[in-house]
Every structure is written in C-alpha cells, then in structure tokens.
Amino acid sequence: MKIFIVGMGYVGLVNAACLAEMGHKVCGADINKEKIDKLERGRCPIYEPGLQEIIEKNLKSGNLTFQIGVDKNINKFDMVMIAVGTPEREMDGRADLFYVGETAREIAKHCVKKELLVVGKSTVPIGTANQIRESLAIYNRKKTKFYVGSNPETLREGKAIYDFMNPDRIIIGGDKKVRDALLKLYEKINAKKIVTNARSAEMIKLASNFMLALRVSATNILAQLCEATGADIEEVMKGVGMDRRIGPHFLRAGIGYGGSCFPKDTKSIKSIAEHYRLDTSLFDSVMKINAEQRRWLCQKVEEMTLFTLKNKKIAVWGLAFKPNTDDIREAPSIDIIKWLTKEGALVSVYDPAANIKKIFGGKIRHCKDKYEAIKDVEILLILTEWEEFREADLARVKKMMLIPKIVDGRNIFDPKAVKKLGFEYTGMGRI
Ligand code: NAD
C-alpha cells in the first residue's frame, strides 16, 4: 500500500520506517524542516535502537521518502495517517488537538482524489475521529469521499521497532473501508486485532495507559507502606506479580512514571470524566501519588545530607524518563534536578542517550561518562534504570566519590550488597 504519514515524531517515524521495511511505499511529512533535512540525509533525529538502520536501508531502496508538510503529493497515496503531537493544555490538562485539526484541514485542502482513507494514530479524546471527518468535509472543495478511522499507537519508546513488529494487539476502529484496509496493511503482523468503532478504539488507548499508570501508582503507594512497615517492595511485588490474575508487569516501585504518554493521557482521561461530571477521584489519586514519589526521593536526599544541600556536590545517573530512549518529556529527573539546583547543590549529570542542556545550560555539569559525573560527589542519585548503571563497578564508584552515598530512585541495586561495600544506601520502599 501507499501510506502518507503526517508527523515524524517518535510514533510517526517508527511507523514510517517499519511500514517501509514491510514493503509498503511510505512518505513521512513534518513541518519541522530541520528534522526532514536530517531524515533525507538518512540521519535519525531521535534515539531509538535499530531505527537509524531501517531508515537508511529503506531510503536507499526507495520505499521511504520524506517531505516538508502536507501538499498535493498526498493524492498519490491510498491512506494518510495522522501522527502529530497531542500535548496537554496547561489550563485544564485536556489534550490539545490544534495539530490534529491543522493536519485535517491541510489534508482536505490538498486532496483532489475521489476518495481517501484517513487514520488517526495520535492519542486523542473520544470523538476526535468524528471531528476529523467533519473538518475534512468542511475544508474539501473537490467532493472527495473521506473514510476515517482510528488506529491508536501502543509502542513503547526504546522498544518501538520490536513492538511495531510484535504488538500484543492492534487496535482498529472506524469506517469499514478503513478497518478493512488496516487489516490488510497489518496482515503480515502476527498479533490479535481488535476491530471496533472509532470511539472505542480511541478509548482503548487512553484506558490502557490509565490502567498502567494506576499500577505504577498502586505499587508506589505500597512501596511507601513497605518502607514504613519494614517490608521490601521488590520482594512483595515479585510475590504479587506471580498471581496470574495480576501478572508481573508495571509493578516496579520508583520515582514514578513520566514520558510523553502516561502523564498526559491520565490528565486527558480525567478531563473527559470531568466534562461528563463523573467521579475523578481515582484519576486524581494516581497523579497525586506519582508526584509524591519525586518529593519522596528529594526528602531522602535531604535526610542523607549533612546540614544543607548548598554547595554540596551531587551526581545524577539517568535523565530519560525510562531506559533506552533519549526522551526527557515529563521525566522525573527534571523536577528533581530543578529542586537540587534551587537548594544550591552543585549537580553533575550523565545519561547514555538523553541530555538536558537546553533546560539547565551551564547551571549544572553535563558529563560524557558515568564515572566522570561522580568524581568527588557526596551523593549519587539513580533516576533512570539503564543497564549500564546496573553493571557499574561499585568498588570504583566508592573510591571516586567523596562520601559513598546512594539514593536509588529505581531500586537497581541490592541494598544488602551495596551496604556491604560500604555505601550508605536508600532505595524506594526497601530497608
Ligand atoms: P512528537 O512530538 O515526537 O512528534 C510529533 C511531530 O508532529 C513533530 O515532529 C511535529 O513537528 C509534527 N507536526 C505537528 N504538526 C504538524 C503538521 N501540521 N504537519 C506535519 N507535522 C506536524 O510526538 P510523538 O511522541 O510521536 O506522539 C505523537 C502522538 O502519538 C501523540 O498523540 C502521542 O500521545 C501518541 N503516542 C506516543 C507514543 C510515544 O511513545 N511517544 C506512544 C503511543 C502514542
């Protein structure tokens, strides 16, 4: 099939590359000229394992092309996918549909074909597919028949290529013509396909992210309870997760969820409930507990510090909201480092892929190596559970630090083993 994808962010770009890899002809469009320039030179603008190689290969084969913005080129394609951002609105937490609306208008304006399939991949409030349909009808002057559907994306950053090729399920909603086309598009992917109406498809995506955020917050509140009562959250959740009715996923305690999806989608689903005047207390609790985890870590740092944080050297390992990505959107690290600098600490940071130079500039030291970051510091904070931190040479770490203290926000180390090496150590929900 010939697919035109609007929005070359984490979602659109992975889809463009993977669909091209599957043999489809794909054009990826973005309004960001710098991004398109990079992509046309075969350079991947984001860190996502394996993506660079697929882009290079498919650019060469001609299956994948890129362009700036939406134009009349869309008439050469069977389907347009909308994968633009839907950030939260500051005033009320609702998803901002500005980019989706703009894209729908652009598609309508340039389309002169008899018919076109339009599919929403972005995470959106319920009813957005209908709004897309209305907008397409209003702005199209050539009487194109638009078929509209929803195929929300569920891939995980850091494992996006694997997830695209091996999803748990593919969610397909909307007009029959779109549903049939999507079933054909994904026929080579061996996954369960849930076929439904557009509203349910849109809701499945939001509901899934809320359920996962809920598990994270439930685990974190249990972590607080474990620490207060002398239990170990890691052991507890290992036991809980062995119950097949519950399962082991998303039961890790830490400094809470972040990224571009859970925080935004939880606020979005809450705002929908609010709109219908429904009870929002569960959504509120999930968000409150999540914010509390960051404060809890800061409190632990304070408890470990003698007198004051002012002029104390503190190292941070991990900036991205999770490992294997360079995404720092809503990363807990940002809030925590803001607090540290406000308190007057001298902060040095290291992450294998992410960087926060744009946010903190010269206010903190940005290191190229994990050992460089810990030289002469008094506390090391672990904020992202990258594998290379688990594999760190702790004897070397101890020698390099001024005082060997670790606050492990992701419970990557075994407390007994680290303490035995001579560290003062605290994790999240363990003693
Ligand atoms: P992103 O911000 O990384 O990328 C969005 C891209 O859209 C940007 O490059 C932007 O320049 C481009 N864009 C905006 N308006 C445009 C227009 N009119 N024409 C062309 N390009 C335009 O966003 P993302 O992380 O890829 O997320 C996209 C959507 O997918 C969001 O709704 C998000 O909630 C959802 N989603 C994201 C993930 C994830 O892991 N990041 C997973 C599942 C779903």
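Numbering of ligands and ligand atoms starts at 1, following listing order. Keep in mind that the numbers below use all heavy atoms, side chains included, and drop hydrogens, waters and symmetry copies. Residues: numbered from 1 along the sequence shown.
The protein atom (non-hydrogen) at minimum distance from atom 12 (C) of ligand 1 is D30 OD2, 3.2 Å. Ranking protein heavy atoms by distance to atom 37 (C) of ligand 1, first place goes to V11 CG2, 3.2 Å. Among protein heavy atoms, the minimum distance from atom 29 (C) of ligand 1 is reached at V84 O, 3.4 Å. Atom 5 (C) of ligand 1 has as its closest protein heavy atom G85 N, 3.5 Å. Nearest protein heavy-atom neighbour of atom 4 (O) of ligand 1: G9 CA, 3.1 Å. Annotation: atom 19 (N) of ligand 1 to nearest protein heavy atom, V6 CG1, 3.4 Å.
The pair E234-R252 meets the salt-bridge criterion, with a side-chain N (NZ, NE, NH1 or NH2) lying under 4.0 Å from an Asp/Glu carboxylate O. A salt bridge is absent between R430 and E227; no separation between the charged side-chain nitrogens and carboxylate oxygens falls under 4.0 Å. For E372 and R365, the salt-bridge test passes: some basic side-chain N is under 4.0 Å from an acidic carboxylate O. For the pair D175 and R133, the salt-bridge criterion is met [side-chain N within less than 4.0 Å of a carboxylate O]. Ion pairing of E102 with R105 is absent here, as no side-chain N (NZ or NE/NH1/NH2) approaches a carboxylate O to less than 4.0 Å.
For the pair I31 and ligand 1, a heavy-atom separation below 4.0 Å is found. Using a 4.0 angstrom heavy-atom cutoff, R329 counts as in contact with ligand 1. Residue G69 places no heavy atom under 4.0 Å from ligand 1.
Counting only heavy atoms from C-beta outward, the side chains of R215 and L251 approach each other to under 4.5 Å. Counting heavy atoms from C-beta on, the side chains of I364 and S348 never come closer than 4.5 Å.
When all heavy atoms are compared, the tightest approach of G258 to P263 is O-CD, 3.4 Å.
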Checklist entry - Going through the checks in order, is the ring pair (Phe, Tyr, Trp, His ring centres under 6.0 Å) test met by W317 and F389? => result CA-CA 8 Å; W317 277 2; F389 301 152; 5.1 Å; yes
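Near E102, with a cut-off below 4.0 Å to any heavy atom, the atoms of ligand 1 are 18 (N). Within the listing of ligand 1, atoms 43 (C), 44 (C) sit less than 4.0 angstrom from a heavy atom of K205. The atoms of ligand 1 that sit less than 4.0 Å from any heavy atom of L155 are 40 (O), 42 (C). Near A83, meaning under 4.0 Å from any of its heavy atoms, are these atoms of ligand 1: 28 (C). Listed by number with element, the atoms of ligand 1 under 4.0 angstrom from any heavy atom of T103 are 17 (C), 18 (N). Of all atoms in ligand 1, listed by their number and element, those nearer than 4.0 Å to a heavy atom of G7 are 6 (C), 7 (O), 12 (C), 21 (N).
Atom CZ of R94 has 12 or fewer heavy atoms from other residues, nucleotides or ligands within 6.0 Å. Annotation: D369, atom CG; neighbour count of heavy atoms from other residues, nucleotides and ligands within 6.0 Å is above 12.
Judged by a 6.0 Å distance limit and a 45° cone about the ring axis, K357 is not positioned over the six-membered ring of F360.
Between the CG atom of L97 and the OG1 atom of T128 there is a distance of 4.5 Å, given to the nearest 0.5 Å.
With a 4.0 Å cut-off on non-hydrogen atoms, A95 does not touch ligand 1 at all. Here R156 has no heavy atoms under 4.0 Å from ligand 1, in either its backbone or its side chain. Counting heavy atoms under 4.0 Å from ligand 1, residue E106 does not touch it at all.
Checked by distance only, ligand 1 and D265 stay at 3.5 Å or farther apart across all their nitrogen or oxygen atoms. For ligand 1, one of its N or O atoms has an N or O atom of T86 under 3.5 Å away. Where the criterion is an N or O separation shorter than 3.5 Å, residue side chain and backbone included, K35 meets it with respect to ligand 1. Some N or O of T123 is nearer than 3.5 Å to an N or O of ligand 1, by distance alone. In terms of N/O distances under 3.5 Å, ligand 1 is not approached by E153. When only interatomic distances are considered, the shortest N/O to N/O separation between K264 and ligand 1 falls below 3.5 Å. Considering backbone and side-chain atoms alike, Y10 places an N or O below 3.5 Å from some N or O of ligand 1. Looking at ligand 1, you'll find an N or O of E157 within less than 3.5 Å of one of its N or O atoms.
In this pair, Y47 and W386 present their aromatic rings tilted. The plane angle is within the 30 to 60° band.
Judged purely by atom type and a 3.5 angstrom limit, E153 uses its side chain to pair as donor or acceptor with the backbone of L155.
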